[in-house]
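All ligand and atom numbering here is 1-based and tracks the order in the structure. Since the model is a prediction, treat every value here as computed from it, not as a measurement.
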Amino acid sequence: MKKIFFIFLLASANNIFCQNLYKEKYRPEFHFSPTVNWMNDPNGLIYFNGEYNLFYQSNPYANVWGHMSWSHAVSKDLLHWQHLPVALREENGIMMFSGSAVIDKKNTAGFGADAMVAIYTGHTDTLQTQNLAYSNDVGRTFTKYNGNPVLNLHKKDFRDPNVFWFEKNNCWIMSVSHPNEHQIEFYRSQNLKDWKSLSRFGPTGDTSAVWECPDLMQVSIEGTNQKKWVLFTSQNSTMQYFVGEFDGTKFTNENPATKIFKQDYGTDYYATIAYHNTPDKNPITIGWLNNWNYANEIPTSPWKSVMSLPRKISLKKIKNGWILIQQVIPSFQTLRKEAVVFVNKKTAKEETLGFSGQVFEMEMLFQPSSTGESGIKLAVGNNHFLKISYDAPHQQMIVDRSQTNTSFSKIFASINKSLATVQLKNGKLKWHIYFDKSIVEIFVNDGEAVFTTQIFPEENENNIQLFSSEGQAIFDYLNFWKLKNIW
Ligand code: FRU
């Protein structure tokens with residue numbers, strides 16, 4: 001009887017626990033976050049058998065970085081996720097650092113036809129090597145290859161292998177980072193086990209911090225049926241991309257070397273990689289929405305960190321180079337609920353809107369004031385707000401979280417503004433904003449620039465204000481949608 005009572009107590013405690021999950025303060029409702037504990041980089045993004053696999057760096061034991069393992073979730077639509085057991089754990093003192101996954105259709109490695117093979121960095125304090133693990137049950141369980149490591153340069157920093165099948169040359173290509181040299185090295189292999197060095201790319205562009213998490217892929221050029229090669233790198237704590245050609249041996253950047261091209265100008269976007277093998281072969285990216293400078297200090301519990309919305313990417317030629325165009329995948333619109341629309345509103349000073357919230361999507365086209373700063377404030381209340389503005393005299397867009405709650409971390413408080421030069425189009429600016437409790441992703445001019453930022457507002461800090469510090473701003477239209485909870 002005692003035993004039954006105990007089991008009943010356990011079951012109901014578990015129930016209460018589950019019921020409260022995904023309802024916590026700051027918990028995003030339409031972004032992916034782990035149930036409990038720490039998460040960082042997305043790993044092994046692979047579409048297989050109608051499922052998008054999302055592996056990610058995790059600490060299975062605590063809500064801070066450590067004991068790095070690969071946790072696992074799957075989705076049929078990239079919107080709703082099912083959590084699965086931890087796929088690959090730290091073992092014998094070797095942590096599972098970031099990497100990628102492939103489907104070995106031709107059984108080149110001998111792990112079985114259609115084996116899912118994870119290529120990851122094995123990390124200790126003194127050595128990083130590249131290793132394999134394989135799964136014959138669509139990623140549910142993995143076996144570490146007994147011939148590991150497959151690539152060992154006896155280096156302390158050498159990490160984040162990203163592998164794809166290069167049809168043209170009938171071989172696997174790996175991009176892997178030499179963080180301190182600001183270089184990406186390319187390798188080729190016939191069997192995933194023996195790797196031959198091809199070339200190195202870098203140092204160039206942003207070399208202000210270690211390079212991590214490379215990803216090399218082909219991306220469509222808007223309005224054509226042509227593609228170019230794009231290389232992503234992450235450098236603590238922002239990202240950059242290069243656009244050019246990959247000839248099977250080396251990558252050549254065709255963008256001006258003097259300019260840094262960023263995926264995201266916000267404070268919280270890092271370690272992004274892509275699903276390469278999507279049904280339409282156009283890459284879809286997912287990034288980690290946090291920043292190493294304060295990642296462990298953000299005030300969320302029992303989880304830490306969120307993934308970005310999946311972004312569909314393409315390329316566009318502008319005057320001085322190729323830019324990445326990023327848009328949330330179109331099927332995201334199925335999450336929309338009631339809409340509010342208004343047109344043609346002129347604002348001088350400040351105006352609080354008649355609707356509010358912390359979970360919404362908003363699209364607006366406006367003509368900023370030509371003399372000062374104008375735009376929108378979100379999470380307004382208790383003298384707090386997030387200010388998203390355009391400073392017309394300086395042609396700059398600014399996302400300023402200095403007036404939000406920053407009390408939990410001095411470093412977070414000091415990294416409080418993101419800026420980028422943005423040109424108006426016919427005197428106007430288009431913003432597509434996704435606000436989800438503690439995450440704000442802002443897509444500018446149909447995805448030509450993006451800003452992602454974390455904020456930690458109280459629940460009643462939910463008003464929305466249009467403003468213009470000087471002169472008049474004209475809002476052509478503003479569409480606002482409440483969104484369904486994905487959990
Ligand atoms: C990037 C990174 C990777 C590394 C992983 C460790 O955020 O530093 O270079 O593999 O995180 O968790």
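- Residue contacts with ligand 1 for T121 are absent, since no atom lies close enough (heavy atoms, distance under 4.0 Å).
- Atom CE in M95 sits 15.5 Å away from atom CH2 in W70 (nearest 0.5 Å).
- Figure legend: cation-pi geometry between R159 and F97 absent, as NZ or CZ is not positioned both under 6.0 Å from the six-membered ring centre and within 45° of its axis.
- The protein atom (non-hydrogen) at minimum distance from atom 6 (C) of ligand 1 is Q57 OE1, 3.2 Å.
- Residue S98 has at least one heavy-atom neighbour below 4.0 Å for each of these atoms of ligand 1: 5 (C), 10 (O).
- Near W292, the atoms of ligand 1 lying under 4.0 angstrom from a non-hydrogen atom of the residue are 1 (C), 7 (O), 11 (O).
- S75 and D77 are linked by a side-chain donor-acceptor pair at a separation below 3.5 angstrom, with hydrogens and angles left out of the test.
- A donor-acceptor distance shorter than 3.5 angstrom exists from the side chain of D280 to the backbone of N282, with no hydrogens or angles considered.
- At under 3.5 Å, a nitrogen or oxygen of W65, whether backbone or side chain, sits near a nitrogen or oxygen of ligand 1.
- In the vicinity of Y270, heavy-atom distances shorter than 4.0 Å reach the ligand 1 atoms 1 (C), 7 (O).
- Shortest contact from atom 8 (O) of ligand 1 to any protein heavy atom: E212 OE2, 2.9 Å.
- Compare D160, D157, N290 by their heavy atoms: the one nearest to atom 10 (O) of ligand 1 is in D160.
- The shortest N or O to N or O distance between W288 and ligand 1 is not under 3.5 Å.
- Within the cation-pi definition used here (under 6.0 Å to the ring centroid, within 45° of the axis), K259 qualifies as a partner of F261.
- W303 contributes atom CH2, which lies 9.0 Å from atom CG of N63 (distance to the nearest 0.5 angstrom).
- Here the protein heavy atom with the shortest distance to atom 2 (C) of ligand 1 is D41 OD2, 3.4 Å.
- We find the OG-OH distance between S71 and Y56 to be 4.0 Å, quoted to the nearest 0.5 Å.
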